[in-house]
Amino acid sequence: METQKKSSIFRFFPYTQGFRGRFLTAFLMVVVAVVANYMTPQVIRVTVDSVINSEPFNLPGFLVGWIESIGGRETLRQHIVLCALASLAFAALSGLANYSSRMNLARACEGTVARVRDTLFDHIQHLPYAWHNSHQTGDIIQRCTQDVDLIRNFVSDQLMEVVRTVLLILVSLALMFSMNVELSLVVTAFLPGVFLLSLVFYVIVGKKFQRADETEGELTALVQENLTGVRVVRAFGRERFEIDRFNRKNQEFTDMWVNLGGIMGFNWGLGDFCAGFQVLVILVVGAFFVEAGNLTAGEFLAFTAYNSMLVWPVRNLGRLLSELSKTSISATRLFDILDAEEEADAPGAVTPPLTGDIVFSHVDFGYGAGEVLEDVSFTIKAGTTFGILGATGSGKSTLMALLDRLYQLPRGQGTITIGGVDIRDIQLSHLRKNIGIVLQEPFLFSKTFRESISDGSPRKDLETVRRYAKLAVIDDAIESFAQGYETPIGERGVTISGGQKQRVAIARMLMQDTPIKIFDDSLSAVDMETDQKIRRSIQKNVRGTTILIAHRITTLMNADQILVLDHGRVAQVGTHQELSQQEGIYKRIFDMQKGTEQ
């Protein structure tokens with residue numbers, strides 16, 4: 001498990017650009033709603049003490065003047081409904097303010113989160129291939145969906161709830177102290193204990209939420225892997241094994257949340273006890289103050305109302321802190337992606353024509369667990385066909401990954417040049433637009449044959465698509481489908497054979513018309529006759545530098561030059577005629593395959 005640095009949710013502040021006015025409006029409306037909500041107990045206090053009873057009006061001067069102007073206490077006694085209307089007006093104001101706050105917050109929040117999603121997806125597209133290889137797809141998806149949703153929920157619900165809670169506590173205490181200092185001090189005495197309880201709870205659940213979030217990512221990755229490899233699961237009868245593996249991980253995930261539920265339940269239970277005890281103490285002490293004449297009946301009613309209104313915000317701190325804990329973990333996981341360094345061009349990167357010789361000079365490279373390539377040097381002449389042969393793990397695909405800069409060749413470990421220009425000094429986008437690659441296991445998107453072949457090409461007319469399909473010897477197979485080129489090929493090309501997928505991928509690459517074309521064992525799933533047809537078609541109709549990586553000698557024998565790799569080192573270089581006469585790896589493989597074919 002990788003070590004993650006803590007990230008504050010406030011790092012998302014730059015993403016609120018353009019929505020801060022709405023956030024400010026939402027905040028101001030929360031203030032209005034809280035103040036309006038707290039006016040109702042004051043209306044009750046004044047009604048009981050100064051309208052029903054004869055206590056002096058304890059109100060601001062302008063309100064006392066207004067009451068006197070309409071006839072004073074007697075008018076209010078005769079029209080007690082005015083007090084009820086005042087209470088109703090404050091309730092209406094609170095409701096309207098809450099509505100405005102919610103609407104502005106929703107617009108601001110959704111706009112901010114949409115920007116975060118766009119930034120995440122864009123950033124992921126520009127992360128190095130090595131980064132993708134070191135992160136599980138399911139975990140990345142979980143971070144970009146559920147973790148983003150947790151951020152959204154916090155901003156849209158909990159963030160303003162924090163503001164509301166703080167305001168409720170401050171306004172409640174201010175009004176309480178204005179009525180009775182001694183009783184307010186009794187209430188205040190309970191607050192440190194509740195804050196301490198919330199703080200301890202936050203510390204305990206923080207790490208547990210992080211582990212639960214990571215486990216959910218592992219669970220998502222497991223499901224994604226199972227669905228992607230469903231053919232293998234069926235072919236090898238691994239259903240029971242996969243079910244047991246999922247059940248174990250699911251049980252681990254379930255146990256974590258049960259444990260978290262127990263901790264949260266204990267917190268809420270203890271909070272309920274503290275809240276009930278606080279209300280009981282205030283009722284007893286408040287009644288004693290009323291009896292002693294230190295508190296009026298109206299003030300006592302208002303005080304108990306404020307105390308009840310204060311109980312929930314204080315108790316709510318635990319929930320808000322737990323949500324803050326989860327959101328902080330989600331922010332950390334998101335910024336673990338956003339902080340990852342994108343692929344970048346070297347200063348002054350150039351865009352030369354990539355039509356010259358390709359030269360590997362003293363290249364050394366490894367993936368961290370030993371060297372894969374050692375002192376590899378060879379030249380691919382421009383416009384020629386170059387073959388690469390070697391056992392599995394000899395470094396054939398690594399050579400092409402380095403040429404396309406899927407992996408970066410560190411300085412001091414050799415050079416790779418095209419037309420005399422170091423590929424590290426070439427703009428990445430330019431380099432990759434001019435190098436076409438077909439992999440042994442090509443990835444096809446869930447599109448039609450026509451869309452799959454024309455993917456990434458500016459020309460998508462059927463005539464052009466068919467021309468390249470014929471070059472890849474896939475046209476007849478496509479036409480055999482009822483819908484022809486408009487036939488959906490399914491997710492990852494699941495509805496067609498391995499050989500058909502390879503030929504579709506070849507047609508897709510050929511349609512890009514790049515000056516450098518790489519076939520990385522991309523004819524392994526086709527029969528020898530089709531292999532020969534494809535090679536002849538490409539040799540006759542396709543221009544540029546062609547690199548063939550294969551295990552079959554027949555695929556390489558017509559190449560202008562053939563490189564033989566052995567455990568990451570150059571073992572032999574030459575034509576088929578030369579290598580087939582030399583003692584070495586190539587001749588042994590050729591003799592063995594020739595005997596097999598005969």
Side-chain angles (χ1 to χ4, degrees), residues 129 343 345-346 349-361 363 365 373 376-390 395-409 414-440 442-443 453-459 467-468 471-472 502-523 534-550 555-556 558-563 565 570 573:
Y129 182 68
E343 291 182 314
D345 291 319
V350 295
T351 57
L354 303 185
T355 54
D357 294 350
I358 301 171
V359 180
F360 281 69
S361 178
V363 172
F365 184 77
L373 301 174
V376 173
S377 297
F378 61 90
T379 298
I380 303 174
K381 291 293 183 180
T384 64
T385 298
F386 190 86
I388 301 178
L389 178 74
K396 304 186 300 298
S397 296
T398 299
L399 286 175
M400 298 306 101
L402 290 174
L403 178 60
D404 202 41
R405 288 181 64 187
L406 295 178
Y407 291 98
Q408 302 296 329
L409 180 64
T415 59
I416 303 172
T417 61
I418 301 177
V421 181
D422 193 320
I423 62 170
R424 288 172 293 210
D425 298 324
I426 299 174
Q427 282 187 9
L428 265 172
S429 59
H430 178 71
L431 179 72
R432 290 173 180 166
K433 283 179 181 178
N434 285 275
I435 298 178
I437 299 181
V438 184
L439 303 175
Q440 180 179 359
F443 184 95
I453 294 174
S454 62
D455 198 16
S457 174
R459 295 189 63 189
R467 180 158 63 88
Y468 286 100
L471 288 178
Q502 286 189 335
R503 283 180 283 166
V504 169
I506 290 171
R508 178 178 63 185
M509 187 269 281
L510 293 177
M511 194 166 176
Q512 310 309 310
D513 196 23
T514 56
I516 300 172
K517 301 172 181 64
I518 301 171
F519 298 84
D520 189 355
D521 212 6
S522 54
L523 299 174
I534 294 172
R535 285 186 289 107
R536 285 177 178 173
S537 175
I538 292 174
Q539 187 175 13
K540 182 179 179 181
N541 298 283
V542 177
R543 297 179 179 180
T545 303
T546 302
I547 302 172
L548 298 174
I549 299 174
T555 303
L556 304 176
N558 292 324
D560 298 297
Q561 283 281 98
I562 300 172
L563 169 74
L565 284 178
V570 176
V573 179

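The structure displayed is predicted, hence computed values, not measured ones.
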Point to revise | Passing candidate, side-chain contact (heavy atoms from CB on, under 4.5 Å) with Ile518, options Leu403, Leu439, Val438 | key: Leu403
Point to revise | Under the side-chain contact (heavy atoms from CB on, under 4.5 Å) test, residues paired with Thr351 that sit two or more places apart | key: Gln427, His430
Study note, to complete from the structure: Output for pair (Ile380 CD1, Gln561 CD), nearest 0.5 Å, gives 10.0 Å
Review point. Of all residues at least two apart in sequence or in a different chain, which pass the side chain to side chain donor-acceptor pair (under 3.5 Å) check with Gln539?
Key: none
Check your understanding: When rounded to the nearest 0.5 angstrom, what is the spacing between CD1 in Ile549 and OG1 in Thr555?
Key -> 12.0 Å
**Study point:** Pairing residues for Arg508 by the salt bridge (charged side-chain N to carboxylate O under 4.0 Å, His left out) criterion, not counting sequence neighbours
**Key:** none
**Study point:** Option from Ile538, Ile547, Ile437 for which side-chain contact (heavy atoms from CB on, under 4.5 Å) with Phe519 holds
**Key:** Ile538
**Study point:** With Arg405 via salt bridge (charged side-chain N to carboxylate O under 4.0 Å, His left out) - residues at least two apart
**Key:** none
Review point. Who passes side-chain contact (heavy atoms from CB on, under 4.5 Å) against Val570, sequence neighbours left out?
Key: Val376, Leu563, Leu565, Val573
Exercise for review: Return the set of residues passing salt bridge (charged side-chain N to carboxylate O under 4.0 Å, His left out) with Asp345 (not counting sequence neighbours), or none when no residue passes.
Suggested key: none
Review point. Any side-chain heavy-atom pair from Asp404 and Arg432 closer than 4.5 angstrom?
Key: yes
**Study point:** Main-chain N/O of Asp455 paired with Gln512 side-chain donor or acceptor, under 3.5 Å
**Key:** yes
Revision key, fill the gap. CD of Gln408 to CD1 of Ile423, rounded to nearest 0.5 Å, is 7.5 Å
Check your understanding: Does Asp520 have any side chain to side chain donor-acceptor pair (under 3.5 Å) partners at least two apart in sequence or in another chain, and if so, which?
Key -> Ser397
Exercise for review: Would you give the length of the straight line joining atom CG of Leu389 to atom CG of Leu548, rounded to the nearest 0.5 angstrom?
Suggested key: 11.5 Å
Review point. Taking C-beta and beyond as the side chain, do Ile418 and Ile358 meet within less than 4.5 Å on heavy atoms?
Key: yes
Exercise for review: Using the test ring-ring contact (aromatic ring centres under 6.0 Å, His included), find all partners of Phe378 that sit at least two apart in sequence or belong to another chain.
Suggested key: Phe360, Phe386
Check your understanding: Can you tell which of Leu431, Val350, Leu354 makes a side-chain contact (heavy atoms from CB on, under 4.5 Å) with Val421?
Key -> Val350
Review point. What distance separates Thr385 OG1 from Lys517 NZ, expressed to the nearest 0.5 Å?
Key: 10.0 Å
Point to revise | Qualifying salt bridge (Lys or Arg N to Asp or Glu O under 4.0 Å) pairs with a residue from residues 535-547, counting only residues at least two apart or across chains | key: Asp531-Arg535
Practice item. Check whether any side-chain N or O of Ser537 sits under 3.5 Å from a backbone N or O of Leu471 as a donor-acceptor pair, and report yes or no. Key: yes
Review point. Listed by chain and number, what are the side chain to side chain donor-acceptor pair (under 3.5 Å) partners of Asp422, not counting sequence neighbours?
Key: Arg424
**Study point:** Between CD1 on residue Ile416 and CG on residue Leu409, distance to nearest 0.5 Å
**Key:** 5.0 Å
Review point. Under 3.5 Å, is there a donor-acceptor pair between the side chain of Ser361 and the main chain of Ser377?
Key: no
Exercise for review: Can you sort out the partners of Lys381 under salt bridge (charged side-chain N to carboxylate O under 4.0 Å, His left out), two or more places apart, ordered by chain and number?
Suggested key: Asp357
Exercise for review: Could you pull out all residues at least two apart from Thr398 that satisfy side chain to side chain donor-acceptor pair (under 3.5 Å)?
Suggested key: Tyr367
